[in-house]
Protein chains: 2
Amino acid sequence: MPDIKHFDPDAALEAVVRLFWERGVAATGIQEVVDRTGISRSSLYATFGGKQDLYLAALRRYVEQWSRPAFAQLAADPRGLPAVTGFFAELIRLRCRGPYARWGCMIANAHTGPSSTEPAVRQLLDAHHESLVGAMRSVLRTAAARGQLVPGAEPDAAAELLALLAYGVNLRSRTGADPATLEATVTAALTPYAK
Amino acid sequence: MPDIKHFDPDAALEAVVRLFWERGVAATGIQEVVDRTGISRSSLYATFGGKQDLYLAALRRYVEQWSRPAFAQLAADPRGLPAVTGFFAELIRLRCRGPYARWGCMIANAHTGPSSTEPAVRQLLDAHHESLVGAMRSVLRTAAARGQLVPGAEPDAAAELLALLAYGVNLRSRTGADPATLEATVTAALTPYAK
DNA sequence: GGGAACTTGGAACGGTCGTTACAAGTTAAA
DNA sequence: TTTAACTTGTAACGACCGTTCCAAGTTCCC
């Protein structure tokens with residue numbers, strides 16, 4: 001029977017996520033991946049395939065670990081509008097403070113990368129966007145059901161708006177945008193909808 | 001006395017802009033620049049310096065050629081809210097149709113690039129953002145003066161919101177987002193403010 | 001213990017990266 | 001026409017790119 005892996009593929013992939021997330025695929029060499037993960041080129045290629053496969057795996061892991069939980073929590077939040085406020089507050093905090101400050105969103109970053117034309121990547125980006133919009137729609141419908149929205153507000157259109165706003169926040173946070181300004185902008189976006 | 005340049009630096013830089021805009025800096029090699037501009041490595045380095053200088057020059061040219069005129073027109077437009085609608089309509093058209101479709105905005109793209117941490121680039125990105133927000137502020141104040149806004153609307157906060165929305169449009173357009181959806185989203189963003 | 005299945009480290013692959021050096025060519029004042 | 005200033009094409013630089021290959025090591029079934 002075969003030998004067993006001498007490393008934890010999951011931990012290695014996590015290191016790869018952080019590398020690609022912060023610096024981007026194009027700017028990150030395989031050598032850096034080898035150094036940061038501590039595993040050798042052989043093991044890397046045997047486990048994940050080439051760089052493109054590795055990037056795709058990292059993107060998927062990011063979505064599973066960050067986007068999906070956040071979207072699920074948002075969609076299921078029974079509070080309605082306060083859930084949206086909370087979502088953005090947490091987003092802004094994550095993007096501007098702590099270990100991931102100025103990294104932006106790995107998915108948002110991927111939109112401008114050289115692989116964004118590759119079908120698998122594009123499909124992932126589109127699916128991510130649909131998930132975000134869907135979650136926003138859910139929570140806005142909750143808000144509508146709870147009578148929190150002004151008459152005539154359209155949850156579906158507002159959901160798209162809030163999703164694009166999130167991309168804007170993600171992008172601008174990479175240059176060190178002021179979190180207070182971002183917060184105020186989110187407030188300005190929501191105020192007209194609140195009854 | 002010296003020899004004279006055998007090429008048009010401005011035309012060369014224009015070609016460089018398109019190259020970096022569409023594909024990004026990291027994914028574009030000097031050889032491609034040489035091929036597309038038609039000038040040799042020597043002339044390239046003698047005229048523009050290294051790759052980083054070339055990128056910065058291209059960014060500046062993009063701002064001068066695209067952003068500055070658009071922002072100036074927006075800020076000076078006497079119509080108020082219809083000017084905002086027109087700005088986004090033109091933006092979406094440019095991003096989704098014609099020769100620049102799916103290229104996004106070169107400045108938005110630059111946010112995720114490896115050079116976005118370099119001071120000169122970051123400063124340019126921040127200045128660009130301030131210009132856009134400033135133009136939005138101007139046109140919204142015009143709208144307020146013309147009585148187009150609902151009572152209580154804050155032009156300054158709304159200006160930031162519309163700027164971030166523009167970044168979102170730019171980003172999402174790179175994967176081929178539906179222009180009609182984007183239009184509807186812009187409408188949804190403006191509707192609550194219109195009297 | 002023999003041996004098949006698999007992992008691992010390390011060396012090496014050809015290719016491309018951004019950059020530099022230099023000889024030859026061109027220009028116009030002296 | 002000499003000469004200094006400058007441009008241009010070509011060649012080459014060392015470094016790194018992503019990837020592959022292979023010998024050596026490890027594991028577990030037979």
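In what follows, every chain begins at residue 1, and chains take the letters A, B, ... in the order their sequences are listed.
One can place NZ of K5(B) at 17 Å from P of dA5(D), the figure rounded to the nearest angstrom. In this entry the distance linking CG of D35(A) with C1' of dG9(C) reads 14 Å, nearest Å. Rounded to an integer number of Å, the gap from CG of L54(A) to C1' of dC17(D) is 15 Å.
Within residues 27-34 of chain A, the residues approached by DNA chain D to less than 4.0 Å at the level of any non-hydrogen atom are T28(A), G29(A), I30(A), Q31(A), in residue-number order. Within residues 13-23 of chain A, no residue approaches DNA chain D, by heavy-atom distance under 4.0 Å. Of all the residues in residues 37-48 of chain A, R41(A), S42(A), Y45(A) reach under 4.0 Å from DNA chain D with at least one non-hydrogen atom.
Ion pairing between a basic and an acidic side chain is recognised when a charged N comes within 4.0 Å of a carboxylate O; E22(B) and R102(B) show no such pairing. Ionic pairing of R172(B) and D126(A) is present here: one or more N-O contacts between side-chain nitrogen and carboxylate oxygen are shorter than 4.0 angstrom. Using a cut-off of 4.0 Å between Lys/Arg side-chain N and Asp/Glu carboxylate O, R61(B) and E64(B) are scored as not salt-bridged.
With sequence neighbours left out, F71(B) forms a ring pair (Phe, Tyr, Trp, His ring centres under 6.0 Å) with H128(B). Scored by the side chain to side chain donor-acceptor pair (under 3.5 Å) test, Y62(A) finds R95(A) as partners (sequence neighbours excluded).
With no hydrogens or angles considered, no side-chain donor-acceptor pair links K5(A) and S43(A) at under 3.5 Å. Between the side chains of D35(A) and Q31(A), at least one donor N or O sits under 3.5 Å from an acceptor N or O.
With contacts defined as side-chain heavy-atom distances shorter than 4.5 Å, the pair P179(B)/R97(B) qualifies.
Between I4(A) and Q52(B), the one whose closest nucleotide on DNA chain C sits nearer the 5' end is I4(A).
In E183(A), the CD atom is crowded: over 12 heavy atoms of neighbouring residues, nucleotides or ligands sit closer than 6.0 Å.
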Show which side-chain atoms of residues 52-60 of chain A pair as donor or acceptor with protein atoms under 3.5 Å away, not counting sequence neighbours.
unit_1 : atom_1 : unit_2  : atom_2 : d
Q52(A) : NE2    : E118(A) : OE1    : 2.9
D53(A) : OD2    : G50(A)  : N      : 3.0

